[in-house]
Structures are given as structure tokens and as C-alpha cells.
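Worksheet: the structure to be examined is printed underneath.
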Amino acid sequence: MDSSLQDRARKLHLPFQQCLSGSPVVLAILVLIFACTLITRNKKRTLNRRLPPGPRPWPIIGNLLQTGSVPHFGMRTLTRRYGPIVYLKLGSVEAVVTDDPKFVMEFLKKQDHVFASRPRNICSEHFTFDGQDIAFSPYGEHWRMMRRLCLFELLTPKRIEYFKHGRSQEMQCMLRELLLAAEKREVVNLRDTFGALSSNILSRMILGKRHFGPGDAGPDQAAEHKALIYDAFAIVNSFDIGDYIPLLRPLDLHGHERAIRKIMSRVNTIYDSIILEHCQRKAMRTSDVHANFVDQLLSLPGQNGEESLKLTTVKAILIDMVAAGTDTSSITSEWTMAELLKHPDQMEKVRREIDEVVGRDRLVEETDLLNLKQLRATVKEIFRLHPVGAFLIPHVSLRDTEVAGYYIPKGTRVLINTYSLGRNPNVWDHPNEFKPARFLDDEVVELSDRKMRIVPFGAGRRGCPGATLGTMVVLLGLARLIQAFDWTPAVSPLSLKEAHGLMVLEEPMKAFACPRLAPHFYA
Ligand code: HEM
């Protein structure tokens, strides 16, 4: 420092030094204030940095061993032991798990803007071309744009109403096929029945035709497509150690990457042909007046001034809609029939209500659904006992935050254990019993829950945009099935065993149908 600068510095500090040297009391006060500030700041920091309780992590693997082979069971044990929120280190991933409505409310409602992103993992990389869809897309402009697009082009009340006729036709096809099976005394595979119903309804909305596939795809191609989506859904809901210990990923210990590649090679072929077909139609200007959803996607501009959306984005959105919309509905419907077959007294209650509200002189319609309280309570009970995804689609925090006094670092994965939430003994009486009556007190039985004791569709900005459509497909499909047929389980005793690690029935539910309405209702 040159001497003139030193002089100026000395001049600047002089008055303060004089003041200090002149008054030891002031000096003492200042030191005290400084010390107090330091102490409070440190105290605040440790309080704010207090992570939720949890088991001590091992090096590298963290708490992976403590989560067990079925994560939704293992994590339930952890929340029972450590409290309603548990901090875990899953390999290299920081996570919190909860099964308490108070914390669910915090993550999905009060701070949903903080917990609005999604983790990148093996499934999202392959199935969604690295998050180009909605469900696995990280929070940001792409997600916002794609979600808005689906909400406005496919899932508005007006669009849903517009496709009412198609839904009704699909319901009628289902009754016809079931009648044929009944006449031949064939057993009905209810998983296939509900799978066909939901995927044909979505196919009509997305492609404008019955079967999902290119050209005039028939039932065989549709069945292959359904099987691919079902397998993909199973993998998405499975645990993969490569997501948590990246070093192990190349070993593909669960075989998921191999399976995903196989699925994607078929899925790519199917969706490429669908897109090509639509592009050709567009080029020849033969699209009909009511362009379908694929046409709409293809006519949209892309990001950053691009003329159109990338083909991988179009594919990712289509796969998302079909995968998110079909299995969720059909798995819920299959579980409902399984529990009702296991509890014939409950089946009788649902049927009696339909007979009282609708009668046997006409079929149940969408407009009746609000009045079918027993049916709604039954499906709500299924959402409590058998939610479709054990941990929703995991959310990820976008910044450091605090929840109920606990520090949650940026990038933490939030695992809402929906299985354990629905069976939490602090929340529910007789949590393991199938008791739809627990929801019958309300004037109108809403299928979601304001208190967040169940979250069948998630909530907040990442909540399910297809909840209205999904609810309609599930309720109407079940109502028609129960109104039109008496059902007897194909095997006795009936097993409701879950597939290992998944929240679906291990074996498809099968039953015999016996018609109970006048023949013209099945035509
Ligand atoms: C009974 C039927 C359905 C159930 C139980 C269901 C359930 C769910 C759940 C639990 C989530 C995750 C929410 C979260 O992470 O907070 C979700 C997300 C999603 N669902 Fe559904 N769903 C159903 C039907 C549908 C339908 C019919 C569609 C569309 C055709 C659809 C499209 C989506 C999409 C795109 C997302 C991702 C939302 C985002 O990340 O922004 N779902 N659904």
C-alpha cells in the first residue's frame, strides 16, 4: 500500500479507535454484543441445520439396507421407529420419508413450490427421453408448457365432455364382451377387461380411434401395447440400486435397463409409426376437422424459436398420457373388484345402491356417479388401502428449506409412503380392515381428502392433471359391471396377495359373470 493510501486509511479509522480507547465501558458493551450475536447466530444455524431423525448411515450404501426388500414396508418400519418424518441417505441420495398427513400437507400444499421437481433416474432417462414428458420432467419452463398443453388440449372439462360418447361406446363394448364370456361360461380376466377399457378410452381421445397403435391396429397389437405399458409401469414402480449407487449402474443388477431397452425398442416402433402416419396425413392435408391430440402436438411450435416440438418430446408426452392414464385406472378398478369379491356383503351394498338410485330399466350414466355414495366410498377405501404408487412420483426440493423445524437440504427426495399413510394407526381406526363406511358420513364423498390422510392423485402443482377423467373411468366402469352382472370369484379362497415390492395383485383377478339385466342392455 502506498503511503498516501495508508494515511487515508489511518484517518478513516481514527475516530473509532479514539472512541474505543476513550471509553472502556462502550468497548465492553460492544464485545458483549459481538459475543451474543455470535452465540445466537451459531445456535440458529444448528437449529436450522437439524435434520429429521433417522438411522445412522453406512459409508457408500447409506441406509439402503434398512429400507428392506420391499421399500414401502421397510420405510413404514422406519417411520414407526423414528417418528413421522425420517431422514435417510440412500446411497448418494438424500431423502426424507413420511406417512403423516401433517407433513404431507407441508410437502404437497404449503411448500409445494419448493418440492415441485422430480429426480432424474434410470426410468426417466429411458422412458421419457430424459425428462421431456410431464411426469418426470424437472420443474421449469418445459414442464410448465407441456402440462398446460395437456390440461388445455386433452383434459379440460369441455374436452372430457366432448369424448363422452366414445367412453359410452367403450363401456358398451365391455358389456358385450362380458356377456359373450358369460354365455360361454368362460372365466373373465378382470385385469384385461379394465386394461382394455381404459386404454381404448384414452386411445380414442389421443388418436381418435379405438386401439392404440399405428394404422388400423387391431386387438392383438393393442394387447401388445397394453402389455408393454404394464411392464413399463412395473419397472417405474420398482427399486433400482443403480439409481442410488451410480458406480453399480453399469452392472444392471436388477436387469431393469435391459428390460427397458427391449420395451423401448418396441414402443419406439409403435409410436414412430403413429407419428409418421399423422405427419403424412398433415402433409396431404387430409386431417379431419377435429384434429386429434397427436395432430395438435405436431402443430405446436417448439422451444427457443423452433418450428415444431422435437419428435422425442411428442413421443414422451404420448407415452406419459397413455402410461399415466391407463394402468392407474385399471389397477384401481381391479383392486376394487377384488375387495368386493372378497367381501360379498359390500358388493351387495354397492349393487343395492345402484338399483335404488338408477334402477334396472336403464344403464348407469356419468351423471349418476355423484349420487352413488357407497360406490364412491368403496373406491376411496381402495385408494386408502391400495394406492397405485407406493411413493407417488417422488418430489425433489428445489432449495434448502425448513419443515416443522427440520432442515431439508436442496435436492432432497421426498418419499410420501402412501401405503403406510393409508394404514397409519394414528390416523385410522382398524387401518387394515376394508371398511368403506368410514367415508360415508360426508354429504358428497370426495375421492381425495382435504386433510391429506390419503393422496390418491398427489396434490399441489405436481398433482395429477387427469384426476377427473381417471375417476370417471373407474367409477363408471365399476358401476356398469356391478349393475349388469352378478360376480363369482374363479377360485376359492380368494387371494389378494401383492406382487413382490409392487402395489398390484400378484395374479390377475378372475371371476365368472352372470347377466342380470334385460338382453337389450348388452347389445
Ligand atoms: C384413477 C386414475 C389415476 C390415478 C390414481 C392417478 C394418480 C396419479 C398420481 C398419484 C400422480 C403423482 C402426483 C404427485 O407426484 O404428486 C399422478 C401424476 C400424473 N398423472 Fe395421474 N392418475 C390417474 C389418472 C390419470 C389420467 C387419466 C391421466 C391423463 C390422461 C393422468 C396423467 C398424469 C400426469 C401427466 C401426471 C404427472 C403430473 C406432473 O408431474 O406434473 N393421470 N397421477
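Indexing begins at 1, ligand by ligand and atom by atom, following the structure's order. Positions are given from 1 along the sequence. Keep in mind the model is a prediction, meaning the values are calculated, not measured.
- Heavy-atom separations between Trp143 and ligand 1 include at least one value shorter than 4.0 Å.
- Between Glu153 and Arg148 there is no salt bridge, since none of the side-chain N atoms of the basic residue sits less than 4.0 Å from a carboxylate O of the acidic one.
- A salt bridge is absent between Asp449 and Arg384: the closest approach of a Lys/Arg side-chain nitrogen to an acidic carboxylate oxygen does not fall below 4.0 angstrom.
- At least one N or O atom of Arg118, backbone or side chain, sits closer than 3.5 Å to an N or O atom of ligand 1.
- A search for side-chain contact (heavy atoms from CB on, under 4.5 Å) contacts involving Thr312 returns Phe129, Gln132, Lys310, not counting sequence neighbours.
- Of the listed options Arg461, Arg147, His395, Met321, Arg147 places a heavy atom closest to atom 38 (C) of ligand 1.
- With sequence neighbours left out, the side chain to side chain donor-acceptor pair (under 3.5 Å) criterion links Glu446 to no other residue.
- When hydrogens are left out, the protein atom nearest atom 13 (C) of ligand 1 is Arg462 O, 3.4 Å; that is the closest non-hydrogen contact.
- Residues Glu94 and Arg413 are not paired through a salt bridge, judged by the lack of any N-O separation under 4.0 Å between the basic side chain and the carboxylate.
- For ligand 1, the polar-atom distance check finds no N/O of Thr332 at less than 3.5 Å from any of the ligand's N/O atoms.
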- Item | Trace of the salt bridge (Lys or Arg N to Asp or Glu O under 4.0 Å) decision for Arg461 with Asp112 | CA-CA 7 Å; Arg461 57 195 75 193; Asp112 82 310; 3.1 Å; yes
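- A salt bridge is defined here as a Lys NZ or Arg NE, NH1 or NH2 lying under 4.0 Å from an Asp or Glu carboxylate O, and Lys315 with Asp272 meets this definition.
- Tally of protein N, O or S atoms closer to atom 21 (Fe) of ligand 1 than 2.8 Å: 1.
- Ion pairing between Glu141 and Arg144 holds under the 4.0 Å rule for side-chain N and carboxylate O.
- Listed by chain and residue number, Tyr230, Ile331, Ala499, Leu502 satisfy the side-chain contact (heavy atoms from CB on, under 4.5 Å) test with Val504 (two or more places apart in sequence, or in another chain).
- Heavy-atom separations between Met205 and ligand 1 are all 4.0 Å or longer.
- Heavy-atom proximity to atom 10 (C) of ligand 1, evaluated over Ser448, Pro456, Ser137, is greatest for Pro456.
- A salt bridge is defined here as a Lys NZ or Arg NE, NH1 or NH2 lying under 4.0 Å from an Asp or Glu carboxylate O, and Asp130 with Arg120 meets this definition.
- Of the N or O atoms in Thr471, none lie within a sub-3.5 Å distance of an N or O in ligand 1.
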